[in-house]
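In this text, all values refer to a predicted model and were calculated from it rather than measured experimentally.
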Amino acid sequence: MVIPWIQGLNAQLCQGSLGDPLVNITFGAGINPGPSLKAATTTYQYQVADCPQDGFYSVRNNTSNCFNSSWHTLVSDHTGDPNGYFMLVNASFQPSAFYLDTVKGLCGGTTYEFAAWIVNVLRSTACGVNPTQPNLTFTIENTDGSLLKSYNTNTLSVQTSPAWQQFGFFFTTPANVSNVVLRIFNNAPGGCGNDLALDDITFKPCGPQLSSSISGFSSSEVIICEGQARSFEFTCSVSAGFNNPSFLWQQSRDGITWSDIPGATTTRLTQDFSSNAVPGDYLFRLSSAEAGNMNSIGCRIVSKPLVIKVNAIPKTALESNSPICENNTLEMDATGGLTYQWNGINNFSATGSSISINNVKLSQSGKYYVLVTSDAGCKSLDSVSVVVNPSPVAGISFSVENICEGEDVQLESSGGINYQWMPETGLSATNISNPIASPELTTLYNVIVSNQFACSDTAQVTVNVAMRPGANAGPDKWIIKGNSVQLSASAAGLNAGYSWFPDAFINSTRVLQPTVNPPQDTSYILQVISNDGCGTAMDTVRVFVYKDVFVPNAFSPNDDGLNDTWNIPALAAYPEFELTVFNRAGQVVFQNKNDNRPWNGKFKGNLLPVGIYIYVIDIKGGGEKIKGTVALLR
């Protein structure tokens with residue numbers, strides 16, 4: 001897609017001030033195709049197609065890919081309006097006028113500027129080295145055919161991209177002449193090329209230079225703010241050229257529709273703006289014409305507009321998180337402007353749209369003001385009232401309490417009217433000031449104390465739970481007289497002490513797993529004492545003492561309750577022993593290693609026959625092996 005650019009040519013255009021267009025032919029706007037021109041406007045034939053043939057024209061808002069892309073693509077008219085129409089001309093083979101129109105309502109004895117925009121649509125790469133280029137002559141004629149003014153564009157050269165060019169000139173109508181004829185003639189012969197687009201034909205009054213200004217200001221635009229009462233003086237200097245000029249100031253709100261200001265007939269105008277002037281643009285300009293033509297708007301020229309912009313006062317919105325509890329953060333936010341200046345009690349001052357005051361105090365209650373300034377410099381003052389409520393002080397009767405497992409303690413808080421305890425584990429209630437706590441484990445409790453303003457404070461209580469002691473003297477032990485064994489005791493509870501009694505034949509009564517060597521069977525008692533005052537626990541272990549290993553020589557596994565198993569208790573004194581029993585064929589029928597369990601006379605679940613069986617006991621540790629026989633009876 002190719003985007004056209006616009007080029008203006010100043011030669012022979014009005015050098016003074018112009019008036020509003022008396023004629024402004026834009027060809028309209030809308031969807032393709034545009035309507036045909038009125039009869040007698042052109043000798044060319046109208047064609048609906050995007051790409052008209054030789055001697056034809058169309059009215060389009062764009063054109064593309066014409067004649068194998070030998071024409072430029074136009075995506076809009078010369079003003080850039082994508083819906084704006086232009087006249088697209090494919091020149092005839094013979095030079096001819098392709099546009100003809102009678103312009104009516106001109107003022108006699110008045111100078112006008114005629115102008116039109118043209119673009120050569122032929123691409124620079126089309127038609128070989130000698131393409132035919134448009135060559136236009138514009139003529140302004142009296143209705144009787146006599147010539148008033150003529151202007152020739154010369155050859156319009158091809159461009160690498162489409163370039164709209166403005167051509168024009170000025171002419172003066174004879175006295176009492178109000179209608180003229182516009183003719184646009186293409187002097188170039190037909191052939192490859194000679195194709196163009198036409199847009200925006202205007203006739204504007206042209207006269208001396210009107211140079212307007214606002215007294216006391218270098219710019220033609222002055223900004224004031226809503227609510228300000230101001231007065232401005234507008235002046236206009238007029239260059240030579242009028243014989244007997246008349247003047248009249250005009251005003252507008254949109255720069256399009258202008259109305260005369262009654263009585264404003266000099267080159268000076270004083271305009272008052274009241275404090276209730278509606279925000280917006282106020283435009284002023286001086287119009288002028290020869291005295292006899294002043295009543296016809298089409299005869300007037302006008303100065304460039306002077307603009308008074310009344311900007312609106314900022315529409316502010318101010319918010320805060322008030323009411324707020326003391327020691328919290330006060331937040332204030334303002335919108336509607338570009339800059340913000342805050343002021344408040346205690347000489348508070350800050351800038352920015354959002355303000356935070358940390359650790360706010362009761363003394364900071366009151367009214368805060370913000371001056372909001374818009375990007376146009378207009379200001380608005382707004383305010384917000386802030387209330388800072390007192391916060392309670394959470395009181396607590398103790399911060400740490402020690403209890404034993406299974407006990408409870410009453411917590412106590414003060415300072416407010418509402419209480420919330422966390423966690424709820426072990427509490428009798430969570431919403432009173434003095435719940436009873438009976439946690440199973442050490443727990444940190446938090447209490448939130450609130451007052452009538454919903455302000456709060458927090459306190460903490462730690463309840464340390466000491467475990468009650470537990471004693472396990474361990475399994476019974478067996479030794480051969482003269483040997484020793486270490487007891488396998490254990491204890492429950494932290495921060496506990498240990499003691500054993502009796503204190504005979506024991507290496508220490510204050511350790512948990514002492515070594516003992518009693519000469520006969522002895523019971524040792526373990527006592528575990530809580531150092532936190534949570535009680536005492538006791539347990540007993542028996543130590544059996546054997547003089548030697550007694551091996552029974554017979555047993556009768558007949559389920560009569562007597563000697564049903566073969567048991568050697570003293571082997572428990574040898575933790576690494578191995579016992580093996582063989583039948584007479586040398587087959588192993590029972591084996592026991594490090595586990596002194598009795599033999600029930602079975603092998604693989606079946607009861608063995610009555611007979612004599614051989615055993616071997618290896619007590620390890622350098623001792624001798626014990627060998628013998630045992631009789632299995634019924």
If only atom types and distance count, is the side chain of [X] paired as donor or acceptor with the main-chain N or O of [Y] below 3.5 Å?
X	Y	result
S383	Y369	no
N32	N61	yes
Y85	I31	yes
T629	I612	no
Q159	S124	no
W478	L571	no
D375	L338	no
D457	A394	yes
S353	T335	no
N553	A631	no

For a quick test of reading the model, state the closest non-hydrogen atom pair linking [X] to [Y] and the distance between them.
X	Y	value
S508	P514	O-CB, 3.2 Å
N531	G497	ND2-N, 3.8 Å
F86	S76	CE2-O, 3.8 Å
Q587	F603	NE2-CE2, 3.5 Å
L512	S490	CD2-CA, 3.9 Å

Exercise for the section: Please assess V589 against L608 for the test side-chain contact (heavy atoms from CB on, under 4.5 Å), listing each intermediate value before the final yes or no. Expected result: CA-CA 9 Å; V589 296; L608 293 172; 3.8 Å; yes
Using a distance-only test with no angle check, is there a side-chain donor-acceptor pair under 3.5 angstrom linking [X] and [Y]?
X	Y	result
S354	D333	yes
S349	Q341	yes
T565	N600	no
D408	S438	no
K315	S380	no
R123	S70	no
D81	T79	no
E326	S391	no

For E578, the salt bridge (Lys or Arg N to Asp or Glu O under 4.0 Å) test, sequence neighbours excluded, returns K620
| said: Tell me every residue that passes salt bridge (Lys or Arg N to Asp or Glu O under 4.0 Å) with K309, counting only those two or more places apart in sequence or in another chain. | reply: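 Salt bridge (Lys or Arg N to Asp or Glu O under 4.0 Å) list for K309, sorted by chain: D281.
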In Å, rounded to the nearest 0.5 Å, how long is the span from [atom1] of [X] to [atom2] of [Y]?
X	Y	atom1	atom2	result
K604	F590	NZ	CZ	15.5 Å
F348	I355	CZ	CD1	5.0 Å
F398	Q410	CZ	CD	8.5 Å
I417	F453	CD1	CZ	9.5 Å
T509	Q527	OG1	CD	10.5 Å
L579	I617	CG	CD1	5.5 Å

Heavy-atom neighbours of [X] [atom1] exceed 12 at 6.0 Å:
X	atom1	value
Q486	CD	yes
R584	CZ	no
N346	CG	yes
K361	NZ	yes
E424	CD	no

Hey, do the aromatic rings of F582 and Y613 have their centres closer than 6.0 Å?
no
For residues [X] and [Y], determine if any side-chain heavy atom of one lies less than 4.5 Å from a side-chain heavy atom of the other.
X	Y	answer
L526	V541	no
K477	S488	yes
S413	V449	yes
L318	V370	yes
I403	P439	yes
D548	I480	no
V447	I396	yes
N389	I324	no

How far apart are the C-alpha atoms of N563 and S556, what are their side-chain angles, what is the distance that settles it, and do they pass the side-chain hydrogen bond (donor to acceptor under 3.5 Å, both in side chains) test? CA-CA 6 Å; N563 299 318; S556 57; 5.2 Å; no
message = Using side-chain contact (heavy atoms from CB on, under 4.5 Å), reason through Y445 and L427 one step at a time and then give a plain yes or no.
response = CA-CA 10 Å; Y445 290 103; L427 293 181; 3.6 Å; yes
Discussion item. Does the plane of the ring in F555 sit parallel, tilted or perpendicular to the ring in W599? Use 30° and 60° as the thresholds.
Written reply: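 Ring orientation, 0 to 90° scale: tilted.
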Exercise. W566 vs Y615 aromatic rings, parallel, tilted or perpendicular, using cut-offs 30° and 60°?
Worked result: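 W566 vs Y615 ring planes: tilted.
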*Could you give me the CA-CA distance, side-chain angles and deciding distance for N321 and E331, then say whether side-chain hydrogen bond (donor to acceptor under 3.5 Å, both in side chains) is met?*
CA-CA 6 Å; N321 60 343; E331 303 282 354; 5.7 Å; no
Of E440, E405, E407, which meets salt bridge (charged side-chain N to carboxylate O under 4.0 Å, His left out) against R468?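 So the option named by the test is E407.
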Is there any disulfide bond (SG atoms under 2.5 Å apart) pair reaching into residues 384-490, and which pairs are they, with sequence neighbours excluded?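 Disulfide bond (SG atoms under 2.5 Å apart) check on residues 384-490 returns C325-C455, C404-C534.
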For this session: Begin with the C-alpha distance, continue with both residues' side-chain angles, and end with the deciding distance and a verdict on side-chain contact (heavy atoms from CB on, under 4.5 Å) for Q364 and I357.
Result: CA-CA 10 Å; Q364 291 173 293; I357 303 177; 3.6 Å; yes
task = Run the numbers on T458 and N446 for side-chain hydrogen bond (donor to acceptor under 3.5 Å, both in side chains), then give the verdict.
result = CA-CA 7 Å; T458 303; N446 291 276; over 6 Å; no
- Message: As a quick check of understanding, evaluate side-chain contact (heavy atoms from CB on, under 4.5 Å) for V386 and S365, giving each step before the final call.
- Response: CA-CA 5 Å; V386 170; S365 292; 5.6 Å; no
